[in-house]
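Just below is one structure, and these are the notes that go with it.
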Amino acid sequence: MITATLDYATFKLKQLIGEVDQETRRHNHIGEVTRTRLAWCDELDPEVNSLLSLARGFELETSNMEVPSSNHGGHPKGFYKISYHGITIPPPHFFLVHKHDHKGLPNGSMGLPLIGETYGFCTPHKSFSIGNFLQQHCSRYGKIFKSNIFGAPTIVSCDLELNTFVLQNEGKLFQSSYPKPVKNILGKHSLLLLTDFDRHKRFRSIEMSLINKFKCTPHFFSHLDKLCLSLMESWRGNQFILFFKQAKQFSFSMILMSVLEMEPGEPLGLELLKDFLTFMKGFVSIPINLPWTHHGKAIKARSRIVSTLKQILKEKDSFNEIMLLKGKLSDVEKVSIVLDLLFAGFETTSGLLSLLVYFLAKSSQALQNLKDEHRTLRRKKKKGEPLNWEDYKQMEFTMMVINETLRCGNLVKFVLREAIKGVDFKGYHIPAGWKILPIFSSMHLDPSLHENPSEFNPWRWADPATSKNVTPFGGGLRMCPGSELAKLEAAFFLHHLVLNYRYGKVFKSYIFGSPTIISCDLELNKFVLQKEGKLFQSSYPKPIRDILGKHSLMIVTDVERHKKLRRIEVGLINKFSSTSNFLGGIDKLCISLMESWRGNQLILFSKQAKQLLEDFLTFMKGFVSIPINLPWTPYAKAVKARTRISATLKQILNEWKNRKDVQVQNGQQKGDPFDEILVKEDLISDVEKVSILLDLLLAGYETTSGLLSLLVYFLAQSPQALQTLKDEHLAIRKKKKEGEPLNWEDYKQMEFTTMVINETLRCGNLVKFVHREAIKDVKFKGYHIPAGWKVLPILSAVHLEPSLHENPSEFNPWRWTDPATSHKVVPFGGGSRLCPGSELGKLEASFFLHYLLLNYRWTMKEEEYPMLYPYMDFPKGLLIALETETKNAN
């Protein structure tokens, strides 16, 4: 049917175009037409016009269009096409006179046929970011660009001035214009959808009067206080709660109690909540009205909500009192107003509460300041006395926290408007009928408006200018009427939450089959690491114990035995790192590897950094696997791989022993490195020797390869750090003869290199956490850790904590000029279990960087991020493009 319609439309269009083409010859002139929406005039064939009315608009487009000379006549050389959202209908040459040539449109892309760029625009992303779509489009086209979203040509604005202009000219130049699903579900009387200026003004006045009425009742504050305490009392004894769900129940109960005077828990209220949740799921759904779709279910849920509200409103006097001043309302309009209030109260308050909990959990300093403010307020009140308006006015820091949460969290990403008439602003033209999307989140996260915009920083609100750059609830005539009420409810809720519950950096959970204390707190983490063997001991899950073996330094819990094995490992590392040919060996290996890259434009760097036996790769895959010992599982394969690796290492040890016997016979005292270390130690078995070698292989493999890959990744994104690093290594190389290897003196001069490596370890988090267990009951900072409970000190949380590191997600090696930084970073653990090869890993990385920087330039070939599984890895292998430096350092 659609194909036949288009075929016939094409036929009729070609007839029309033939006539237009003749007109072109007579006029002998053609204006520039570039991707302009076809304006159907009254003179066009009404049959064609009718056939194509189902389209939001055909498009006229040209390719390589040239204007014919006025002296020679003839046709333009370029190829013309008419497209139905990109479906091409190739016509003969023609000229079309149209109503608007739309000069001055912003740059942009109209996207795919029919759907435009709707999918990209609506792709979910973190609410404290603007998302890839806006990031890429703003980078390419600027803060104002054209697009095709929700089936219509659209101007997308991430510009503060244009957004403010749009909001302030509501009803004059712009009007509300929402997609079909929203219209179907909210209903034509919703304040969000009304375009009639006087009617909107009247409805808004009624809603404001209702809000002010119940906010000013003598019982409002006591009801709000009571509801907060009741909800939190219901949490007693629960280890976990789904807070977003709890916040929704709270906000819905509050709005029912305020507007409809219904007590929490009433059957009718619970019925309304159930229908309302269904109603909300269909709010942004695809508008297909079938019984099993979200849209279909939402429309039915709305019908039930309307019926329930009509029944309730018959018994309420609130509306009658307001109507004495505002004029008569129909039952349908009354229901629509209540539905607006329910919708706003439900989404706004619950979203704000959840975002507050989220951001405060990540900002211990803000949380502590908030607690201090509310404790001060509580001390001035009698026991059990509810908060009042005067208390609310004293919550200055609370308001800063709420405002910053709204800025960072972006409850409302954008609003939808339509140009009533053609508008010119800042050199851009917005045609009449085009949609416009003011993007609030882009203003809130704009670095030119807010310093470190991704940082949650309530203190920025001490500057009054901040409020001018933030519009969390819209603006102008359509500013959310309940915005202040939402802040009030959130402030009261926070008061009881921070005084009754602790949450945030230290919390309990159930992980790896055991009750566990998870710590993202620097002080507790250091305390746990420093009390190894006294209050805490190593305690790793079964897969790790089985695969590493009971003699591994990571697994051993006996303090004396651990000390002895660690001394041996440190002794071995010191022995081979202090030999005369060790540094030369690293030098030679670096040069050899990079020489093998010659002629390759692309390399998988992570793979290059992990040149090792296949058995060891299999061994690593099972390191954090599920302990199911079946032949095809990673766990079983890893156990078998460990057996083979152990056999290989035993063979190497036997060869050392045999070589030693021969050397003794020849009067030489060299051979087994272990024997030299064991002079001061008791004898250890071959099994323990194998375990020590396996520990060294594991540490060297994961630590060094991971560090090298992270260095390449971060330096590719930091040209200033890369150039400073290159300058340091060029200066070192100039002091040396051609081909002369690096030595200890060179390494000691690599000051900026060390800063880069330390910052890479902080940002990259090679070790996310370690496993410990409380040997006895422990009390620390008001927390109780029962004996036998596991403890997971999360090292990465400390490294990325905003209260410890300024702009923690930023790769900034210069922060290491402050000696205090090193006290807040524990990349290799700490205490008696500090990685024995940590300094060796840094040494190898420094030498590797020296030759990499002087021989190659590199860029990331595809977007990739380091991932934690919980070990760090680059899933795609870290593909980089190599370019040889013009001067070879070798």
Side-chain angles (χ1 to χ4, degrees), residues 211 214-238 240-266 269-270 273 341-342 344-361 366-367 369-403 405-406 409 411 482-504:
I211 290 168
F214 62 72
K215 192 171 70 174
C216 296
T217 57
H219 301 298
F220 173 75
F221 290 104
S222 61
H223 281 327
L224 178 54
D225 227 49
K226 182 181 176 182
L227 188 60
C228 291
L229 289 168
S230 172
L231 177 66
M232 291 177 203
E233 189 60 36
S234 72
W235 299 346
R236 299 285 178 196
N238 292 328
F240 309 99
I241 60 165
L242 287 169
F243 187 84
F244 196 28
K245 182 179 179 181
Q246 295 288 312
K248 286 183 175 182
Q249 289 178 354
F250 168 80
S251 58
F252 198 76
S253 297
M254 189 62 213
I255 203 75
L256 284 180
M257 191 164 62
S258 303
V259 179
L260 302 176
E261 300 167 6
M262 294 178 66
E263 288 297 319
E266 280 190 34
L270 295 173
L273 177 59
L341 293 172
L342 287 174
F346 181 75
E347 279 300 296
T348 304
T349 308
S350 63
L352 175 55
L353 293 177
S354 300
L355 286 168
L356 281 163
V357 166
Y358 175 82
F359 285 114
L360 286 170
L367 182 59
N369 282 30
L370 199 65
K371 280 183 179 180
D372 293 342
E373 180 171 84
H374 286 276
R375 281 172 180 158
T376 302
L377 282 173
R378 184 45 58 188
R379 287 191 198 108
K380 298 175 184 177
K381 305 186 76 64
K382 297 175 183 176
K383 187 176 181 181
E385 183 184 354
L387 294 170
N388 55 40
W389 185 257
E390 290 304 314
D391 298 322
Y392 177 59
K393 287 194 288 185
Q394 293 178 54
M395 298 179 187
E396 293 182 10
F397 187 72
T398 304
M399 283 301 102
M400 292 163 71
V401 167
I402 290 172
N403 287 332
T405 298
L406 289 166
L411 274 173
S483 57
E484 287 306 314
L485 179 62
K487 291 182 181 182
L488 171 67
E489 292 175 0
F492 275 48
F493 188 92
L494 276 179
H495 175 81
H496 294 291
L497 180 66
V498 298
L499 296 184
N500 285 279
Y501 285 94
R502 283 188 309 210
Y503 71 97

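Judged purely by atom type and a 3.5 angstrom limit, S230 has no side-chain atom pairing as donor or acceptor with the backbone of K226. Between the side chain of S354 and the main chain of G351, no donor-acceptor pair closer than 3.5 Å is present. For N369 (side chain) and A366 (main-chain N/O), no donor-acceptor pair under 3.5 Å exists by modelled atom type.
With rounding to the nearest 0.5 Å, the separation of CE in M254 from CZ in F493 is 12.5 Å. For the atom pair CG (D391) and OG1 (T376), the distance works out to 12.0 Å, reported to the nearest 0.5 Å. Here the CE atom belonging to M399 is positioned 8.0 Å from the CG atom belonging to L488, to the nearest 0.5 angstrom. Between atom CG of residue L227 and atom NE2 of residue H496 there is a gap of 10.0 Å, rounded to the nearest 0.5 Å. Distance check, rounded to the nearest 0.5 Å: CG of N388 to NZ of K393 gives 9.5 Å. If you take NE2 on H374 and CG on L370, they are separated by 4.5 Å, rounding to the nearest 0.5 Å.
Residues A491 and I402 share a closest heavy-atom pair of N-CD1, 4.0 Å. Between P386 and D225, the closest heavy-atom pair is CA-OD2, 3.0 Å. Heavy-atom minimum distance, A247 versus L353: CB-CB, 4.2 Å. Across every non-hydrogen atom of T349 and S251, the tightest pair is CB-CB, 3.7 Å.
A side-chain N or O of T398 and one of E373 form a donor-acceptor pair less than 3.5 Å apart.
Judged as a salt bridge (Lys or Arg N to Asp or Glu O under 4.0 Å), not a single pair has a partner in residues 243-259 (not counting sequence neighbours).
A heavy-atom distance below 4.5 Å is found between the side chains of F243 and W235. The shortest distance between side-chain heavy atoms of F492 and E489 does not fall below 4.5 Å. You'll find the side chain of F221 stays beyond 4.5 Å of the side chain of L387, heavy atoms only. For the pair L497 and V357, the minimum side-chain heavy-atom distance is below 4.5 Å.
The number of heavy-atom neighbours closer than 6.0 Å to CD of E396, taken from other residues, nucleotides and ligands shown, is 12 or below.
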_Would K487 and Y392 count as a side chain to side chain contact (heavy atoms under 4.5 Å, CB included) here? Give the steps._
CA-CA 10 Å; K487 291 182 181 182; Y392 177 59; 3.8 Å; yes
